Asker: 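Sharing a structure, written as structure tokens. Questions coming.
A note on names: the letters A, B, ... follow the listed sequences, proteins ahead of strands, and every chain is numbered from 1. As the structure is a prediction and not an experimental result, all values here were calculated from the model.
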2 protein chains.
Amino acid sequence: MNFAEGKKQFIQTWGKLGSEWGINRTMAQVHALLLIAPKPLSTEEIMEELSISRGNANMNIRDLISWNLVHKELVPGDRKEYFLAEKDIWEIAKRISRERKRREIEPVKNVLHQLQEVEGDRSNEDVKAFTDMMNQLGGFVDKMDKSVDIMLSSDQSWFFGMLLKLIK
Amino acid sequence: MNFAEGKKQFIQTWGKLGSEWGINRTMAQVHALLLIAPKPLSTEEIMEELSISRGNANMNIRDLISWNLVHKELVPGDRKEYFLAEKDIWEIAKRISRERKRREIEPVKNVLHQLQEVEGDRSNEDVKAFTDMMNQLGGFVDKMDKSVDIMLSSDQSWFFGMLLKLIK
DNA sequence: TTGAATTTTCAGTAATTATTGAAAGTTTGA
DNA sequence: TCAAACTTTCAATAATTACTGAAAATTCAA
């Protein structure tokens, strides 16, 4: 496979993976493009490479910035903004984890804790089943949340070293 | 909060979480309903509780079965099929992980390995950046994949015990 | 200040994804 | 073997999500 084909396939694959995990396909494609770019790219270049409109490019770049995966780069003597992606994969994983935790896990955690306190006849089997499940889920989400905290304060080799040390 | 409100909120919350993670909202809601049901439910009951059509209920139940999260239960002397969800949260987490690994991670892993072999001028900075990123991503996905394997062969208390033992 | 360059917004539209409901298919007891 | 009970399929439709492009807002050099 040559470079041009490889690039195209990477952008496609990353976009598909993103959409399978609830991330806008185009945002993932912009991310893919920036991940393999040796230099910062302008909005124009991103529009051009992915054949998307200015509005679309702008919104998805902003979104990537709000995930801390991309930042602006200012080139002296140039009015345009350029964009550069974080390239370290462990750092990328941490930033995605941090945002998903904040945006999606913690709100659910709070709801589950609320739901552990529903009032109702404890001898009623529906209420019993509900409360049991809320307790189980609440406990699990708490542990997941703490696991993410550990990961966020680790470096890659320590983290995987610990996790994988028992492979046969 | 009373039971009826709590149930409604749990179904809503689980559906929202699912959709944020790329899972059909209704499938997640059917799952939520079955998770808190003390007995197997029929298609009719699911349609009724969630106000969805027969076709929709049927497709999402099939989907949950294909994820190994739900199975059929046959009641002697009854023609209808009833559905029961796996209730153990660690088992649920494993089954979801197993399927996402199989359906989404492994295909990406294979593509990334392919992409590590793109032909091209190594002195070209675009090619260099591309290859470096494919190597980094390939290595990372391999480690994630192995981590999931460990998790799949662990029990909950061992897994979290190991992971959380270093919390200050 | 001014105005050209650039970025952002957002109403309208397109594309994608999910749902309905009725017809076709299957199963099972008599 | 029949036919009622039940499940599955899928074309049509609805709902949701994403995208465009032009206008508005912003920035900045002169």
Asker: What residue pairs, at least two apart or across chains, pass ring pair (Phe, Tyr, Trp, His ring centres under 6.0 Å) with a residue in residues 119-154 of chain A?
Answerer: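 As it turns out, the ring pair (Phe, Tyr, Trp, His ring centres under 6.0 Å) pairs with a partner in residues 119-154 of chain A, which skip direct neighbours, are Phe130(A)-Phe3(B), Phe140(A)-Phe160(B).
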Asker: Roughly, in whole Å, what's the span from CG in Asn24(B) to C1' in dA18(C)?
Answerer: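 Atom-to-atom, Asn24(B) to dA18(C), this comes out as 7 Å.
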Asker: Test of understanding: with side-chain contact (heavy atoms from CB on, under 4.5 Å), list the residues that count as partners of Ala37(B), not counting sequence neighbours.
Answerer: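 Per chain and number, Ala37(B) pairs via side-chain contact (heavy atoms from CB on, under 4.5 Å) with Leu41(B).
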Asker: Quick one: side-chain contact (heavy atoms from CB on, under 4.5 Å) partners of Ser97(B), sequence neighbours excluded?
Answerer: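 In terms of side-chain contact (heavy atoms from CB on, under 4.5 Å), with neighbours along the sequence ignored, Ser97(B) is linked to Val148(B), Met151(B), Leu152(B).
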Asker: On DNA chain D, which is the earliest and which the latest nucleotide, 5' to 3', with an atom closer than 4.0 Å to a heavy atom of chain A?
Answerer: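 With heavy atoms of chain A under 4.0 Å away, the range is dA18(D) to dC28(D).
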Asker: In B/S/- notation, 5' to 3', how is nucleotides 22-30 of chain C contacted by protein heavy atoms closer than 4.0 Å?
Answerer: -----BB--
Asker: Can you check the Lys72(A) NZ to dT7(C) P distance for me, whole Å?
Answerer: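 To the nearest whole Å, that distance equals 9 Å.
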Asker: Using atom CE of Met27(B) as one end and atom C1' of dT17(C) as the other, report the distance to the nearest whole Å.
Answerer: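 The answer, rounded to whole Å, is 15 Å.
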Asker: Roughly, in whole Å, what's the span from CZ in Arg62(A) to C1' in dC10(C)?
Answerer: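 So the two atoms are 16 Å apart, to the nearest Å.
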Asker: Check the angle between the aromatic planes of Trp21(B) and Trp21(A) and answer parallel, tilted or perpendicular using the 30° and 60° thresholds.
Answerer: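 Perpendicular: the ring planes of Trp21(B) and Trp21(A) meet at over 60°.
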Asker: Tell me: CD1 of Ile52(A) to P of dA14(C), nearest whole Å?
Answerer: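 Taking atom P of dA14(C) as the reference, CD1 of Ile52(A) is at 19 Å.
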Asker: Distance check needed: dT16(C) P versus Lys16(A) NZ, whole Å only.
Answerer: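 About 15 Å, once rounded to whole Å.
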Asker: When the distance from CG of Leu50(B) to P of dT19(C) is rounded to whole Å, what number comes out?
Answerer: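 Checked: the CG to P distance equals 11 Å.
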Asker: Which salt bridge (Lys or Arg N to Asp or Glu O under 4.0 Å) pairs, counting each pair once, include a residue from residues 29-39 of chain A, with sequence neighbours left out?
Answerer: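 Salt bridge (Lys or Arg N to Asp or Glu O under 4.0 Å) check on residues 29-39 of chain A returns Lys39(A)-Glu125(B).
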Asker: Can you run down the salt bridge (Lys or Arg N to Asp or Glu O under 4.0 Å) pairs that involve residues 79-94 of chain A, sequence neighbours left out, and say none if there aren't any?
Answerer: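 Residue pairs with at least one partner in residues 79-94 of chain A: Arg62(A)-Glu81(A), Lys72(A)-Glu81(A), Glu86(A)-Arg95(A), Glu91(A)-Arg95(A).
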Asker: Which residues pass the salt bridge (Lys or Arg N to Asp or Glu O under 4.0 Å) test with Arg100(A), not counting sequence neighbours?
Answerer: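 With sequence neighbours excluded, Arg100(A) shows a salt bridge (Lys or Arg N to Asp or Glu O under 4.0 Å) to Glu104(A), given in chain and number order.
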Asker: Taking Gln136(B) for the side chain and Ile89(A) for the main chain, is one N or O donor matched with an acceptor at less than 3.5 Å?
Answerer: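 Yes; judged by distance alone, with no hydrogens or angles, the pair exists.
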Asker: For DNA chain C, which residues in residues 34-44 of chain A have a heavy atom at a distance below 4.0 Å?
Answerer: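 None - not one residue of the stretch has a heavy atom sitting under 4.0 Å from the strand.
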Asker: Taking only residues two or more places apart in sequence or in another chain, which ones pass side-chain contact (heavy atoms from CB on, under 4.5 Å) with Asn24(B)?
Answerer: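 Here the qualifying residues are Thr26(B), Met27(B), Asn60(B).
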Asker: Using links of under 4.5 Å between side-chain heavy atoms of ILVMFWY residues, direct or through other members, which residues join Tyr82(B) in one cluster?
Answerer: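 Once heavy-atom contacts under 4.5 Å are chained together, Tyr82(B) belongs with Val75(B).
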Asker: Identify, between Asn56(B) and Tyr82(A), the residue whose nearest nucleotide on DNA chain C lies closer to the 5' end.
Answerer: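 Of the two residues, Tyr82(A) wins.
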Asker: Any side-chain N or O of Asn58(A) below 4.0 angstrom from OP1/OP2 of dT7(C)?
Answerer: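 The answer is no; no side-chain N or O of Asn58(A) sits under 4.0 Å from OP1 or OP2.
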Asker: The criterion is side chain to side chain donor-acceptor pair (under 3.5 Å); which residues satisfy it with His113(A), sequence neighbours excluded?
Answerer: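 Residues passing side chain to side chain donor-acceptor pair (under 3.5 Å) with His113(A): Asp142(A).
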Asker: How many Å lie between CG on Asp63(B) and P on dT19(C), as a whole number?
Answerer: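 It works out to 11 Å between those atoms.
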